[in-house]
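Working notes for the structure below.
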There are 2 protein chains.
Amino acid sequence: MAPNLNANKAEVSYLPQPALNRIANMGIFDTSCEGHQILEKIANKWTILIIYALTQGKKRYSDLKQQIVGISPKMLVQNLRSLERSGLIERKVFPTVPPRVDYSLTALGASLAEPLAILGEWAYQHIPDVNKAAKQYDNSPESKGFWEPK
Amino acid sequence: MAPNLNANKAEVSYLPQPALNRIANMGIFDTSCEGHQILEKIANKWTILIIYALTQGKKRYSDLKQQIVGISPKMLVQNLRSLERSGLIERKVFPTVPPRVDYSLTALGASLAEPLAILGEWAYQHIPDVNKAAKQYDNSPESKGFWEPK
DNA sequence: CTGAATCCAGGCGGATACTG
DNA sequence: CAGTATCCGCCTGGATTCAG
């Protein structure tokens, strides 16, 4: 946070100021760094969607399974456990028959919802931009002979 | 955007207001939705790290390879191509010998850097929280007999 | 209903060797 | 230097079945 704006960045001025300066120098690029590991954990498709869903309020297992289209029970449970273990969601079991389990965001999980929501909004807002870029890329000469990544 | 604060959310009041209301109802949970696909594309480890690195300014291939610890040439190129195709980064080739290639963020990519930075900052700020939760979880009775997810 | 267990294919992703 | 090509292990993740 100290204003050590060193002069070794001449041409690029598009950096978002506050956040990135700190991040870059904190070992985020190193696998052994805990921040890296947490980032890796939350930066995956299913995790994000689960957080999104739970932001609407507590939900049952079957609700999540229905809302998150295409998720297999295995992946759902796996990610739910992962999130629970990290303290992002809470799992509440009702000893009834048939059983009932509610999942909800913890305070920690709720604090993550905001950043993830911003990310999701970005995705929506830039659909046309990405499509346009993809179309241009396909018509460019360098798109010939490249193994399609994904 | 209209203030339709319907009353069907009684107990949970932790939702971040602005972003999530829109996201949830826009098919983000559906694989066929373009927003979903873009999100899936940017929400992966290597992509995020590449964006982070390039936020510091334009970099050469070898610079990226060195900075992003543990990335293989295959993954690096694959993700670079993916990002280029989506219009997030620009690839500039210098016809010199030995060859030189610079990668840099486009305006679109720069606009994504901010959300990603926020996410990365969240990861760092909550390292202790996640660790504490994990420790508690391990000591809880329900952590017995569960297949460790990741 | 909420998962657990098992099976299995596809692809992610690392290692290596090789080009212009 | 900046990739490309190839091989391949392994793990993700889907499908299915079963249990409490």
Side-chain angles (χ1 to χ4, degrees), chain A residues 29 31 36-37 40-50 53-54 58-85 89-104 141-150, chain B residues 31 36 40-50 53-54 58-85 89-104 141-150:
Chain A
F29 299 108
T31 314
H36 179 113
Q37 293 166 12
E40 190 174 356
K41 195 168 195 170
I42 61 182
N44 87 68
K45 177 186 175 181
W46 296 131
T47 291
I48 294 177
L49 292 182
I50 290 175
L54 290 182
K58 76 173 73 166
K59 302 213 169 179
R60 303 182 56 171
Y61 174 88
S62 48
D63 294 333
L64 291 170
K65 180 137 174 38
Q66 183 184 12
Q67 183 169 17
I68 302 172
V69 180
I71 193 171
S72 66
K74 180 178 168 182
M75 280 301 101
L76 180 53
V77 175
Q78 200 170 102
N79 283 276
L80 285 172
R81 288 287 184 283
S82 173
L83 290 172
E84 186 192 2
R85 187 191 149 85
I89 68 175
E90 187 189 8
R91 178 170 174 269
K92 191 163 226 167
V93 183
F94 296 84
T96 61
V97 45
R100 171 205 179 103
V101 180
D102 280 356
Y103 292 94
S104 59
E142 49 182 346
S143 73
K144 307 303 176 189
F146 281 161
W147 38 320
E148 264 301 307
K150 220 166 222 181
Chain B
T31 313
H36 178 113
E40 190 174 354
K41 195 168 194 170
I42 60 182
N44 87 69
K45 177 186 173 179
W46 296 130
T47 291
I48 294 178
L49 292 182
I50 291 174
L54 290 182
K58 76 172 73 163
K59 303 211 168 178
R60 305 181 57 168
Y61 175 88
S62 48
D63 294 333
L64 291 171
K65 180 138 175 35
Q66 183 184 12
Q67 182 169 18
I68 302 173
V69 181
I71 194 171
S72 66
K74 178 178 168 182
M75 280 301 103
L76 181 53
V77 175
Q78 200 170 99
N79 283 277
L80 285 172
R81 288 288 185 282
S82 174
L83 290 172
E84 185 191 2
R85 188 190 148 85
I89 69 175
E90 187 189 8
R91 177 170 175 270
K92 189 162 225 167
V93 184
F94 297 84
T96 60
V97 46
R100 171 205 180 102
V101 180
D102 280 355
Y103 292 94
S104 59
E142 49 182 347
S143 73
K144 308 303 176 187
F146 281 162
W147 38 319
E148 264 302 307
K150 215 167 224 180

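Given the structure is predicted, the values throughout are model-derived calculations rather than measurements. Note on naming: letters A, B, ... go to the chains in the order of the sequence lines (proteins, then strands), and numbering restarts at 1 for each one.
Taking CZ of B:Arg91 as the start and CG of B:Leu83 as the end, the distance is 13.0 Å to the nearest 0.5 Å. Interatomic distance, CD of A:Gln67 versus CG of A:Leu54, reported as 8.5 Å (0.5 Å rounding). Going from atom CG of A:Leu80 over to atom CH2 of A:Trp46 covers 12.0 Å, rounded to the nearest 0.5 Å. Interatomic distance, A:Asn79 CG to A:Ile50 CD1, rounded to the nearest 0.5 Å: 4.5 Å. Atoms NZ and CE, on B:Lys65 and B:Met75 in that order, are 12.0 Å from each other to the nearest 0.5 Å.
Taking atom CG on B:Leu76 and atom P on C:dC12, their separation rounds to 16 Å, with Å as the unit. Between the P atom of D:dA5 and the CD atom of B:Gln78 lies a distance of 13 Å, rounded to the nearest Å. Following rounding to the nearest Å, B:Lys92 (NZ) and D:dA2 (P) show an atom-to-atom distance of 16 Å. Whole-Å rounding puts the A:Asn44 CG to D:dC11 C1' distance at 14 Å. As a whole-Å value, the separation of A:Lys65 NZ from D:dG13 C1' is 13 Å. Straight-line distance from the CD atom of A:Glu40 to the P atom of D:dC11: 14 Å, rounded to whole Å. Rounded to whole Å, atom C1' of D:dG13 lies 13 Å from atom CD1 of A:Ile50. Rounded to whole angstrom, the span from the CZ atom of A:Phe94 across to the C1' atom of D:dG20 amounts to 18 Å.
Nearest nucleotide to the side chain of B:Pro99, out of C:dT2, C:dG20, C:dG14: C:dG20. Side chain of B:Pro73, nearest nucleotide from D:dC1, D:dG20, C:dT16: C:dT16. Minimum atom distance to the side chain of A:Arg81 is reached by C:dA4, of the listed C:dA4, C:dG13, C:dT6. Taking only side-chain atoms of B:Arg60, from C-beta outward, the nucleotide of D:dG13, D:dC1, C:dG14 with the closest atom is D:dC1. Considering only the side chain of B:Val77, D:dG3 comes nearest among C:dA4, C:dT2, D:dG3. When the nucleotides C:dC1, C:dG14, D:dA2 are ranked by their closest atom to the side chain of B:Ser62, D:dA2 comes out on top. Side-chain atoms of B:Pro98 lie closest to D:dC1 of the nucleotides D:dC1, C:dG14, D:dG13.
Using a 4.0 Å heavy-atom cutoff across all strands shown, B:Tyr103 reaches sugar-phosphate atoms only and no base atom.
Without hydrogens or angle criteria, B:Glu90 side chain to B:Tyr103 main chain gives no donor-acceptor distance under 3.5 Å.
Comparing B:Met75 and A:Asp63 along DNA chain C, the residue whose closest nucleotide (by nearest heavy atom) sits nearer the 5' end is A:Asp63. Map A:Gly70 and B:Asp102 each onto its nearest nucleotide of DNA chain D; the residue landing nearer the 5' end is B:Asp102.
Phosphate proximity of D:dA2 to B:Arg91: absent, as no side-chain N or O sits under 4.0 Å from OP1 or OP2.
With sequence neighbours excluded, no residue forms a side-chain hydrogen bond (donor to acceptor under 3.5 Å, both in side chains) with A:Asp63.
Within the structure, salt bridge (charged side-chain N to carboxylate O under 4.0 Å, His left out) pairs that include any residue of residues 92-101 of chain B comprise B:Arg100-B:Asp102 (at least two apart or interchain).
Over its full length, the helix from C:dC1-D:dG20 to C:dG20-D:dC1 turns its helical axis through 50°, comparing axes from the five pairs at each end and rounding to 10°.
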